[in-house]
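In what follows, every chain begins at residue 1, and chains take the letters A, B, ... in the order their sequences are listed.
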There are 2 protein chains.
Amino acid sequence: MLNPSPGTVDPVLIFAALGDRTRLALLNRLGDGRARSIAALSIDTALTRQAITKHLHVLQDAGLVASLRVGRESRFAARRETIDEARAYLDGVSRQWDDALGRLKAFVEE
Amino acid sequence: MLNPSPGTVDPVLIFAALGDRTRLALLNRLGDGRARSIAALSIDTALTRQAITKHLHVLQDAGLVASLRVGRESRFAARRETIDEARAYLDGVSRQWDDALGRLKAFVEE
DNA sequence: CTAATGGGCAACTTTTAGGTTGCCTATTTG
DNA sequence: CAAATAGGCAACCTAAAAGTTGCCCATTAG
């Protein structure tokens with residue numbers, strides 16, 4: 001039904017997609033669960049429709065949004081799964097680092 | 001004692017810093033809590049020492065690592081706080097999206 | 001004291017990301 | 001059907017990122 005359901009995505013891709021102000025703003029707008037057309041997402045932004053289109057594709061490649069063509073418009077909606085995947089990754093990092101006590105001490109000693 | 005303790009950092013900066021394979025690898029190596037010199041972090045990587053240095057500075061600007069000069073070497077260590085900040089941000093996004101039920105339905109209706 | 005090691009700095013090259021313009025096609029709508 | 005709307009595609013332009021090389025300075029080791 002939707003476009004890409006890429007099971008699991010490379011965390012680097014996800015973080016890179018999140019590391020841009022415009023895309024983070026798009027994601028936040030889509031965070032209300034409503035699917036929106038490219039045109040709808042392009043108003044209220046200084047950028048051109050094509051720029052927004054590119055950003056949406058980056059988000060889609062990262063699995064953060066999915067698209068569906070409806071008539072002449074293509075609607076984009078946020079995907080929870082991938083945000084959760086990013087969270088899980090950071091949780092893993094955090095957990096790994098938990099075991100690493102005495103990190104500041106390690107600054108001094110060799 | 002350490003270099004920058006930037007209270008709170010722009011999420012975009014953090015995600016952008018995480019969105020690079022080399023930097024994510026560096027972070028993972030530092031995730032054991034040991035502080036390492038640039039030279040130490042440069043072996044086992046195809047890149048030059050200067051390239052690694054640049055990546056470390058990007059990580060530092062994002063608050064993900066801190067550095068301390070010890071004699072002739074400068075040691076870098078991971079900072080838990082900023083990873084937690086990123087986690088908190090994603091938690092917020094996730095929580096916002098929780099309220100958004102019927103997202104898929106919204107694909108069909110206007 | 002003289003190597004050798006660890007880094008900083010700056011200039012430079014190359015690749016990629018962000019963005020624009022122009023044009024063409026498909027779908028609505030009056 | 002004609003005009004308007006929504007997008008796709010491709011070429012192009014910049015600016016920033018990633019990486020390199022070269023050189024110089026500080027610190028440590030023989």
Nearest-Å distance for atom pair [atom1]/[atom2], residues [X] and [N]:
X	N	atom1	atom2	result
A:His57	D:dA10	NE2	P	12 Å
B:Leu68	D:dT27	CG	P	14 Å
A:Leu59	C:dA17	CG	C1'	14 Å
B:Ile38	D:dG19	CD1	P	15 Å
B:Leu47	D:dT20	CG	P	5 Å
B:Arg21	D:dA18	CZ	P	13 Å
B:Lys54	C:dT15	NZ	P	15 Å
B:Glu73	D:dA29	CD	C1'	14 Å

Could a donor-acceptor pair under 3.5 angstrom be found where the side chain of A:Arg49 meets the base of D:dG7?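 Result: at least one qualifying N/O pair found.
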Is the shortest heavy-atom distance from the side chain of A:Leu27 to the side chain of A:Leu18 under 4.5 Å?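 With C-beta onward as the side chain, the pair touches.
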How about B:Ile52 and B:Leu26: do any of their side-chain heavy atoms sit closer than 4.5 Å?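 Of all side-chain heavy-atom pairs linking B:Leu26 with B:Ile52, at least one is under 4.5 Å.
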Please tell me which of A:Gln50 and B:Gln50 maps to the more 5' nucleotide of DNA chain D, matching each residue to the nucleotide holding its nearest heavy atom.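 The residue whose closest nucleotide sits nearer the 5' end is A:Gln50.
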Taking any heavy-atom pair under 4.0 Å as a contact, classify B:Arg23: base, sugar-phosphate, or nothing.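 Touches sugar-phosphate only.
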Base, sugar-phosphate alone, or nothing: which one does A:Ala51 contact when heavy atoms must sit under 4.0 Å apart?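 The residue A:Ala51 makes base contact.
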Which of the following nucleotides, [options], is nearest to the side chain of [X]?
X	options	answer
A:His55	D:dG8, C:dG18, C:dG8	C:dG18
B:Ser74	C:dT28, C:dG7, D:dA18	C:dG7
B:Thr48	C:dT28, D:dT20, C:dT21	D:dT20

Residue closer to the 5' end of DNA chain C, A:Thr22 versus B:Arg69 (nearest nucleotide): B:Arg69
Say whether, by atom type as modelled, one donor and one acceptor occur between the side chain of A:Arg75 and the main chain of A:Glu73 under 3.5 angstrom.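 Judged by distance alone, no pair lies under 3.5 Å.
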Complement of D:dT28, any strand, by Watson-Crick or G-U distances under 3.5 angstrom: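 Per the H-bond distance test, none.
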Assess whether side-chain contact (heavy atoms from CB on, under 4.5 Å) is satisfied between A:Thr22 and A:Thr45, documenting all intermediate values. CA-CA 9 Å; A:Thr22 303; A:Thr45 152; 5.5 Å; no
Fit a plane to each ring of B:Phe15 and A:Phe15, take the angle between them on a 0 to 90° scale, and name the class: parallel (under 30°), tilted (30 to 60°) or perpendicular (over 60°). parallel
